[in-house]
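These values consider heavy atoms only, across backbone and side chains, with no hydrogens, waters or symmetry-generated copies. All values derive from a computational prediction rather than experimental measurement. Heads up: numbering here begins at 1 and tracks the sequence.
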Amino acid sequence: MEAAPDKKSAMREGMDRYAKAVDTFWSGEAAKGELPDEATLLRGRREAMGQPTAGRTEALALSGGGIRSATFSLGVLQALAGRRRDAGSVEPPRSFKESMLSRFDYLSTVSGGGFIGAFLVGLFVPGRLRKEASSAEKAANDAQAVLGSGPPGRIRAAECRDEHLRLRAPLAWLRENGRYLTPTGTGDLVYAAGLGLRNWVSLHVVIGVALLLALTLMAVLRSALLDQPWAEALCRLEARWLNEALAGARFSKEPADSIWWSTLFVAALAPLVLWVLPMGIAFWTTSRTPEGLSRPINRSAVSMAAAAGVFFWLGHHGTGGSTLLQWIWWAVAGVTALGVLAHVVLACFQPLARLQTVQLTRGLASGLIIAGALVLLAVIETLGHTLYLLTVTGPAWLPSVPAALGAALAWLGKKIGASGSAGSLPGWMQKMPLTTLGGIAGLAALLLIATLWAWVVQWLAWQGEAPGMAQMVSREHLVLLLTHAAAWLVLAVGVGQFPAFINLSSLQSFYAARLIRTYLGVSNGERFTGDASRLSAAEPMAGDNLAFETLYQPGRDGAKARLKTWAPLHLVNVTVNKTVDPAEQLVQRDRKGQPMAVMPYGFAIDGWRNLFKPVGGFAPPNPPMHLGEWVGTSGAAFSTGIGRETTLGMSLLMGAANVRLGVWWASGQDHKEPLTWRNRLGRWMGAMFRTQTYLSYEFTARFHGLRRRWQYLSDGGHFENTALYELLRRERNVGLIVASDNGADPAYRFDDLANLIRLARIDLRVDVGVVSDFGGWEHLPKVFGSTGQFAADGGKTNPAALLLKVRPLDDEAAAPSWIVLLKPSPQAGAPADVLQYAKTHPAFPQEPTSDQFFDEAQWESYRGLGEYIAGRVLAPAAWAELQRFMAGEAPPAVSPPP
């Protein structure tokens, strides 16, 4: 009897076959229709629902904005579910097919909009909420019933066990878990604090191992050099600094007298003298022929070579017996000769003068970077030296001072990162730019923590005893340092081969887990069939998450690809961070990221048909990601890489504090760079120290997009926050979009809309304009307005939405698309409880996105406001006029007054 194939192996085999078929399709070698196409999938969905397959598509877009956006958008979804498909009657629909929700082919979400988008999609999975809803149609009717069940009530375990009464539970679940990150209060706070502390310590241990290796190797080099006769001057300098520091530590109360300076400051002169200065001389030695070539031997090179000879002669005969002057002339001669040699060698390999000068300038920059790195190591070693001396000659608790200060600065960084603004900081700090303040705090925290590791190197090297020059140059001391270096090397290489640490040490797993339990666990019917403990979003359950295989069936063995549910096709938008790209300077310097759309059957980065791979088919530093993890990534607002707002200072701060919600992920599109010696060395070092390499990219804000094996993904709002960008691609042929603009906008400047208009014009060649002229129409001016009409004035004149018209820039004859953009704003006619909340909370409905802990009144106020604003747009009279307006009809004639 044949053994049953391993389930994981079979799944992997299937994904490999699918990936191969995708590559074949995009290379043009496959017949049309062999692979899933969005239009084909959506036609199949419409056929299954008995809807006309012809005509343009329609879409929902739910923007970023954290739980504020999720809750407001829930109210919008309820309003849509409570209207008939044509919105011509106030009578509620009896099934999903009759509801307004059935019109939408696409659902595009970003960040907080993705929370509620995942909730919506989960309701449509057959048999998920109720086993008896075993078909796509029955599950869709259940989704309609859930959203149409009215304002959320309370969760009662007895009612939840009844499959019919269970349809009331999901909305109640969402309301009960408004504090989704810490639903049980103190217990969850302690859990989160423990997790955060563990990850923070682990992160700095990994960084510390690399630092221990570097500092120990420097100590090995120093110990070996000081024993050489030609290093007598360096040995005297080391002895002088050490003795002065020992004397100061023992007898002086002035900390400045106890400083044991590092001789790495002297070593930092080496790249300046032996690399930077020769590169500068070689640059000026280069001359250009009429053909643009650089000759190895030219007048400048000969002149400089002659000058080097003169300087060398002066060192022999022009010093007047001064040894110091002799060495100065010889150093000048050597540097000049090195410059001429650099010119000759480079001109032989690179005959074009303009390219030679570019390479010389880049070489000079590299030398400055190396010198700067040595200076930084010298500062760290100096602080570690001094701390060790003070510990040996003074109180043993001194190392706890930098530890406490480093932890305090990391805590400050976490507060700044979580708040997103400096508004809660002291007044004098508020006057400083947040990025500058963050950079200073981050650099100081890293420097203090590095000082502790430098102290560890000294403590291990001297066994807790006072250092001395005799021991420093002894063979036993050198062997001990070599043993330590070997141990750190083995440990660093071992850590480098565990790249899963990069994502495991971040806060993304905790964040995504709570989102999954709250917004996807709500449709997991198993939660409602057991005891009351299952009704907590703090407890994980199997089946909470949603694999893409549940939503989509690939076409294999001649079968057509299809969507398994009647849910709209969900596009989850994330940002691929990119700050380093020699080809696209504006993208690199301004946007610092590219858009990525994740769909049930694959993904696309920065363009239609750019990339197309199975979402779960790769094994990056984290396991294959399902819908919940992608929604968590789409909501990774605070991290080391945040798209266009990324700066070195904030990356240092977020890294030092381990405020890292982004994800390293492999697209399978590794950019193959030419294998020069430098690239070969980089790949070899990257393979040995992979974990440390990618952590260094995070801390220094160096994100390479597709030019590295793994990509750094973060909040989709870091590129475009309205979730409209992907829907404006002409290939999707979207005619109508109902969108919510829920990003924090207390001044109603419409920053996210302005960003969308610019991106759409530049990237997609479409123009997005606000329609503000509704002359002759009765209801449209009462519902739609201009951006200037939105203001926090109590809602007396505020419209409910904007109407946007979308036209291709290069095809004036094309039919326009329309966007109904709902905007949270004060509304005078809102329910009484919403008005009361607005009066007692002046920032409502634009409270900070950093507020992710909604209480009962806050949650219900946002949901109620979303339902009210959407209800104004969907009122039968207003909606009917909107359809006629978009169709190009003239307003009805108004009879003159008698």
(request) Kindly compute the distance separating CG (L181) from CZ (R179), expressed to the nearest 0.5 Å. (result) 11.5 Å
(message) Would the distance check show the side chain of N742 and the main-chain N or O of G64 forming a donor-acceptor pair, the cut-off being under 3.5 Å?
(response) no
(request) Ignoring hydrogens and angles, tell me if any N or O in the side chain of Q846 forms a donor-acceptor pair with the backbone of P824 under 3.5 Å. (result) yes
(request) Might you point out which heavy atoms bring S108 and A723 nearest each other, and give the distance in Å? (result) OG-O, 2.7 Å
(request) Hey, could you give me the CG/CE distance between L569 and M599, rounded to the nearest 0.5 Å? (result) 7.5 Å
(message) Other residues, nucleotides and ligands only: do more than 12 of their heavy atoms fall within 6.0 Å of CZ on R807?
(response) yes
(message) So Q827 and R872, do their side chains get closer than 4.5 Å, heavy atoms only?
(response) yes
(request) Measure across Q858 and D851 and return the closest heavy-atom pair with its distance rounded to 0.1 Å. (result) NE2-OD2, 3.0 Å
(request) May I ask you to say whether D105 pairs ionically with R45, meaning some side-chain N is under 4.0 Å from a carboxylate O? (result) yes
(message) Do Y511 and Y180 make a side-chain contact, defined as non-hydrogen atoms from C-beta onward lying under 4.5 Å apart?
(response) yes
(request) Nearest 0.5 Å please: distance from the CH2 atom of W777 over to the CG atom of L882. (result) 9.5 Å
(message) For the backbone of L780 and the side chain of E881, can you confirm whether one donor and one acceptor N or O come within less than 3.5 Å of each other?
(response) yes
(request) Establish, from distance only, whether the side-chain atoms of N545 and E629 form a donor-acceptor pair under 3.5 Å. (result) yes
(message) Taking R591 first and then D763, would you say they form a salt bridge - that is, a charged N and a carboxylate O separated by under 4.0 Å?
(response) yes
(request) Can you measure from CG (L821) to CG (D741) and round to the nearest 0.5 angstrom? (result) 5.0 Å
(message) If the threshold is 4.0 Å, N to carboxylate O, is there a salt bridge linking R68 and E847?
(response) no
(request) Side-chain contact test, heavy atoms from C-beta onward, threshold under 4.5 Å: evaluate it for F72 versus L62 and give yes or no. (result) no
(message) Return the CG to CG distance between L736 and L60, rounded to the nearest 0.5 Å.
(response) 9.0 Å
(request) Inspect the contact between D544 and R517 and indicate whether a charged nitrogen and a carboxylate oxygen are less than 4.0 angstrom apart. (result) no
(request) Kindly determine whether V783 and L803 satisfy side-chain contact (heavy atoms from CB on, under 4.5 Å), including the steps that lead there. (result) CA-CA 10 Å; V783 175; L803 182 63; over 6 Å; no
(message) Under 6.0 Å between ring centres: does that hold for W173 and F119?
(response) no
(message) According to ring-ring contact (aromatic ring centres under 6.0 Å, His included), who are the partners of Y862, at least two apart in sequence or on a separate chain?
(response) F844, F854
(request) Apply the test side-chain contact (heavy atoms from CB on, under 4.5 Å) to residues R730 and L764: give CA-CA distance (whole Å), side-chain angles for both, the deciding distance (0.1 Å), then the verdict. (result) CA-CA 8 Å; R730 288 184 239 179; L764 308 178; over 6 Å; no
(message) With a 3.5 Å distance limit and no angle check, can you tell me whether S69 reaches the backbone of G66 through a side-chain donor-acceptor pair?
(response) no
(request) Grab the two heavy atoms, one from T646 and one from T640, that are nearest each other, plus how far apart they are. (result) CG2-O, 4.0 Å
(request) Measure the acute angle between the ring planes of Y748 and F750, then classify it against the limits of 30° and 60° as parallel, tilted or perpendicular. (result) tilted
(message) Please determine whether side chain to side chain donor-acceptor pair (under 3.5 Å) holds for the pair S99 and Q144, giving the CA-CA distance in whole Å, both sets of side-chain angles, and the decisive distance to 0.1 Å.
(response) CA-CA 8 Å; S99 80; Q144 168 65 30; 3.0 Å; yes
(request) Would you check if the side chain of S506 reaches a backbone N or O of L661 as a donor-acceptor pair within less than 3.5 Å? (result) no
(request) Check I642 against A637 and note the closest heavy-atom contact, atom names and distance. (result) CG2-O, 3.4 Å
(request) Could you tell me whether D773 atom CG has more than 12 heavy atoms of other residues or ligands within 6.0 Å of it? (result) no
(request) Any chance you could lay out the side chain to side chain donor-acceptor pair (under 3.5 Å) test for E38 and Y106, step after step, and finish with the verdict? (result) CA-CA 10 Å; E38 281 186 19; Y106 288 104; 2.6 Å; yes
(message) Looking at E98 and R85, is there a salt bridge between them, counting it only when a charged N and a carboxylate O are closer than 4.0 Å?
(response) no
(message) For S111 and D715: C-alpha separation, side-chain torsions, deciding distance, then whether side chain to side chain donor-acceptor pair (under 3.5 Å) applies.
(response) CA-CA 6 Å; S111 192; D715 194 312; 3.0 Å; yes
(request) Show the numbers, then the answer: is there a side-chain contact (heavy atoms from CB on, under 4.5 Å) between K592 and N577? (result) CA-CA 6 Å; K592 301 178 184 177; N577 284 265; 5.8 Å; no
(message) What I'd like to find out is whether the side chain of H626 reaches to under 4.5 Å of the side chain of L520, using heavy atoms alone.
(response) no
(request) For residues A81 and P93, report the shortest heavy-atom separation together with the two atoms involved. (result) O-CG, 3.2 Å
(request) Verify, without hydrogens or angle tests, whether R660 (side chain) and L507 (backbone) share a donor-acceptor contact under 3.5 angstrom. (result) no
(request) Just jot down the ring-ring contact (aromatic ring centres under 6.0 Å, His included) partners of W818, sequence neighbours excluded, or say none. (result) F885
(request) Work out which heavy atom in Q594 is nearest to a heavy atom in G705; give both atom names and the distance. (result) OE1-CA, 4.4 Å
(request) Please check if the side chain of T565 supplies one atom and the backbone of L551 the other of a donor-acceptor pair under 3.5 Å. (result) no
(request) Measure from the side-chain N and O atoms of N573 to the backbone N and O of G716, and report whether any donor-acceptor pair falls under 3.5 Å. (result) no
(request) For residues F784 and V771, determine if any side-chain heavy atom of one lies less than 4.5 Å from a side-chain heavy atom of the other. (result) no
(request) Could you tell me whether the side chain of K578 reaches within less than 4.5 Å of the side chain of V576, counting heavy atoms only? (result) no
(request) Report yes if the side chains of L171 and S149 come closer than 4.5 Å at any heavy-atom pair, otherwise no. (result) yes
(request) Please tell me if the side chains of V110 and F719 come closer than 4.5 Å, counting only heavy atoms from C-beta onward. (result) no
(message) Once rounded to the nearest 0.5 Å, what's the spacing between atom OH of Y725 and atom CG of L756?
(response) 9.5 Å
(request) Determine yes or no for a side-chain-to-main-chain donor-acceptor pair under 3.5 angstrom, with Q789 supplying the side chain and S786 the backbone. (result) yes
(message) More than 12 heavy atoms of other residues, nucleotides or ligands under 6.0 Å from CZ of R749: yes or no?
(response) no
(message) Please check this pair: side chain of Q852 against backbone of T849, looking for a donor-acceptor N/O pair closer than 3.5 Å.
(response) yes
(message) Show, in sequence, the C-alpha distance, side-chain angles and deciding distance for L41 and Y552, and conclude whether the side-chain contact (heavy atoms from CB on, under 4.5 Å) test is met.
(response) CA-CA 9 Å; L41 291 175; Y552 167 72; 3.9 Å; yes
(request) Hey, can you tell me if W566 and F96 have their rings parallel, tilted or perpendicular (30° and 60° cut-offs)? (result) tilted
